[in-house]
There are 2 protein chains.
Amino acid sequence: MNGKDGGEREMTRAQAPAAFEKFLRGRGLKLTRPRWVILEAALDRRDHFSADELADRLRKNPRPVSKASVYRTLALLKESGLLEEHDFGGGRKFYEQALGRTHHDHLVCIGCGQITEFQNPRIEHMQDQVTEREGFVSVFHSLKIFGYCRACRKRGVSADPQTAHLPREIVGIHGSTT
Amino acid sequence: MNGKDGGEREMTRAQAPAAFEKFLRGRGLKLTRPRWVILEAALDRRDHFSADELADRLRKNPRPVSKASVYRTLALLKESGLLEEHDFGGGRKFYEQALGRTHHDHLVCIGCGQITEFQNPRIEHMQDQVTEREGFVSVFHSLKIFGYCRACRKRGVSADPQTAHLPREIVGIHGSTT
DNA sequence: TCTGAGATTGAGACTGATTCTCAATATCAT
DNA sequence: ATGATATTGAGAATCAGTCTCAATCTCAGA
């Protein structure tokens, strides 16, 4: 799962609440109970999750949190750098933890919805060449490769590229470095 | 604008209606007036356009076409391979002509919304390496680099990456090969 | 600990793109 | 021309996400 994990990840996880509080204070914002609940819920996730799925879950909590707060707080967590936002198409955004993680791109299986991460410094480097040539300053980028994963191929799952639709549910996630 | 243009492009444009009709027939679908109107309108565009913008325009035509038909027909044009669909974020999809064009990726300026196209065979090649290594079969991919274009930089337009929002209006398009 | 200015919350209305519904209409092989 | 089917259009529905605003918290200062 993306190289060495555990120790390093746990450390950043432990630091996250303090980092978020600092971020909030720096903006004159308050650390409220709903924000805390949402932060904790987000930190508990190791996968890619959507705002409304999280909102649904938290709405049923012993300490319910409203949909509006979930959306608002996820936006703050993104701005603070604790979460990263991804758009895999399909009309909804997904979030994943960012702290202590390095940049990576995604393979998205249109058969089962599984997401596999990958890193490729050479691709990144060539992107820099492209932007430089254009006088463009890159702020962020997104590279997603859609297709069929090994498991789906084995199962014989494949469809017409034109009619294949993007998964609305992110089923799982595999990490892969290089 | 993306290499040699004109002659070749015009040829494919002339062939497009026949190609679409063939596609429709192959599916037992009919070539109706609204579909024809929408096809022509789409072929007249050289830029990236959204469905609802086109629908708005056609709704005011001497021969009005309904929003529903525009959405339905653009989907068919995409399936037929005449149009390509892009999601630049911002909650709406954009279309561009695909016939006679080669694959390319996009630089999206978050300052002015301008889209610049680029091609880089080496990046494509490395993507192949990545998918192969994962046992993944690529069906399509999307590489978008968001940032500030040369013009925006000159104008001093730049914003906090976290608060920068994606353009809802695609302002223009520049092609660039390599 | 109390207080008040100001930030935040939650319920639900709203938005905006896109899709769906379905009765009326158009298409085209025969 | 005819009829079996596909298609259309107007508006309702959907769906993620945002907004509104009165009631409610937070927290720095007294």
Side-chain angles (χ1 to χ4, degrees), chain A residues 20-39 48-61 63-79 83 85-95 163 165-170, chain B residues 20-39 48-61 63-79 83 85-95 163 165-170:
Chain A
F20 189 46
E21 184 165 15
K22 186 176 173 188
F23 167 82
L24 291 174
R25 285 187 185 282
R27 291 203 177 196
L29 303 179
K30 294 166 181 173
L31 181 49
T32 62
R33 150 167 284 296
R35 280 179 183 154
W36 183 268
V37 170
I38 295 160
L39 169 64
H48 294 71
F49 60 94
S50 67
D52 68 331
E53 183 241 311
L54 190 67
D56 258 13
R57 190 184 304 261
L58 295 183
R59 190 165 47 73
K60 295 166 190 157
N61 250 23
R63 307 257 197 179
V65 175
S66 74
K67 180 179 58 162
S69 290
V70 170
Y71 277 92
R72 287 186 290 227
T73 302
L74 287 179
L76 288 172
L77 286 167
K78 171 189 161 196
E79 285 179 51
L83 293 184
E85 187 184 81
H86 295 292
D87 188 347
F88 297 114
R92 69 172 38 165
K93 285 167 189 155
F94 285 86
Y95 294 87
T163 55
H165 55 283
L166 304 173
R168 309 267 311 159
E169 301 277 337
I170 298 299
Chain B
F20 189 47
E21 183 164 15
K22 186 176 174 188
F23 166 83
L24 291 174
R25 285 186 185 283
R27 289 204 179 194
L29 303 179
K30 295 164 180 172
L31 181 50
T32 61
R33 149 167 285 295
R35 281 179 182 153
W36 183 269
V37 169
I38 294 160
L39 169 64
H48 293 71
F49 61 94
S50 66
D52 69 331
E53 183 242 311
L54 189 68
D56 258 14
R57 191 184 304 262
L58 294 184
R59 190 165 47 74
K60 296 166 190 158
N61 251 21
R63 306 259 199 178
V65 174
S66 75
K67 183 180 54 165
S69 290
V70 171
Y71 277 91
R72 287 184 291 227
T73 302
L74 287 179
L76 288 173
L77 287 167
K78 171 189 161 195
E79 285 178 52
L83 292 185
E85 186 184 81
H86 295 293
D87 187 347
F88 298 114
R92 67 172 38 165
K93 285 167 188 155
F94 285 85
Y95 294 86
T163 54
H165 55 282
L166 305 173
R168 310 263 316 158
E169 300 276 337
I170 298 298

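So that the names make sense, note that chain A is the first sequence line, chain B the second, and so on, each numbered from 1.
Out of dT8(D), dG10(C), dT7(D), the shortest distance to the side chain of S69(B) is found at dT8(D). Comparing dA26(C), dT8(D), dT18(C) by their nearest atom to the side chain of P34(B) picks out dT8(D).
Considering only side-chain N and O atoms, R25(B) lies under 4.0 angstrom from the phosphate OP1 or OP2 of dA29(C). For the pair R92(B) and dG16(C), the criterion of a side-chain N or O lying under 4.0 Å from OP1 or OP2 is not met. Dashed line: the shortest gap from a side-chain N or O of R72(B) to OP1 or OP2 of dT7(D) is not under 4.0 Å. Taking only side-chain nitrogens and oxygens, S66(A) never comes nearer than 4.0 Å to OP1 or OP2 of dA11(C). T32(A) has no side-chain polar atom (N or O) that falls below the 4.0 Å cut-off from OP1 or OP2 of dC25(D). In terms of phosphate contacts, Y71(A) brings a side-chain nitrogen or oxygen within less than 4.0 Å of OP1 or OP2 of dG17(D).
Across all non-hydrogen atoms, the minimal contact from S69(B) to I38(B) is O-CD1, 3.5 Å. Heavy atoms only, all atoms of each residue included: L76(A) and F23(A) are closest at O-CE2, 3.7 Å. Closest heavy-atom contact between K30(B) and R35(B): O-NH1, 2.6 Å. Counting all heavy atoms, side chain and backbone alike, A51(B) lies closest to Y95(B) at CB-CE1, 4.2 Å.
Rounded to whole Å, atom P of dG10(C) lies 11 Å from atom CG of N61(A). Nucleotide dT9(C) holds its C1' atom 15 Å from the CZ atom of R63(A), rounded to whole Å. Between L74(A) atom CG and dA16(D) atom P there is a gap of 15 Å when expressed in whole angstrom units. The separation between R35(A) atom CZ and dG10(C) atom P is 11 Å, rounded to whole Å. The distance between atom CG of L58(A) and atom C1' of dG10(C), rounded to the nearest whole Å, is 14 Å. A straight line from CD of E85(B) to C1' of dT19(C) spans 14 Å, rounded to a whole angstrom. As rounded to whole Å, 13 Å separates atom P of dA6(D) from atom CZ of R27(B). Following rounding to the nearest Å, L39(B) (CG) and dT7(D) (P) show an atom-to-atom distance of 15 Å.
In this model, a side-chain donor or acceptor of K30(B) finds a partner on the base of dT5(D) within 3.5 Å. With hydrogens and angles ignored, no donor-acceptor pair closer than 3.5 Å exists between the side chain of K67(B) and the base of dG9(D).
The pair E79(A)-R27(A) meets the salt-bridge criterion, since a charged nitrogen lies less than 4.0 angstrom from a carboxylate oxygen.
Nucleic acid contact class of R59(B) (heavy atoms, under 4.0 Å, all strands): none.
Mapping G28(B) and V65(B) onto DNA chain D by nearest heavy atom places G28(B) at the nucleotide closer to the 5' end. In this structure, L29(A) and K93(B) both approach DNA chain C, and ranking their closest nucleotides by distance from the 5' end singles out L29(A).
For the pair L24(A) and E21(A), the minimum side-chain heavy-atom distance is 4.5 Å or more.
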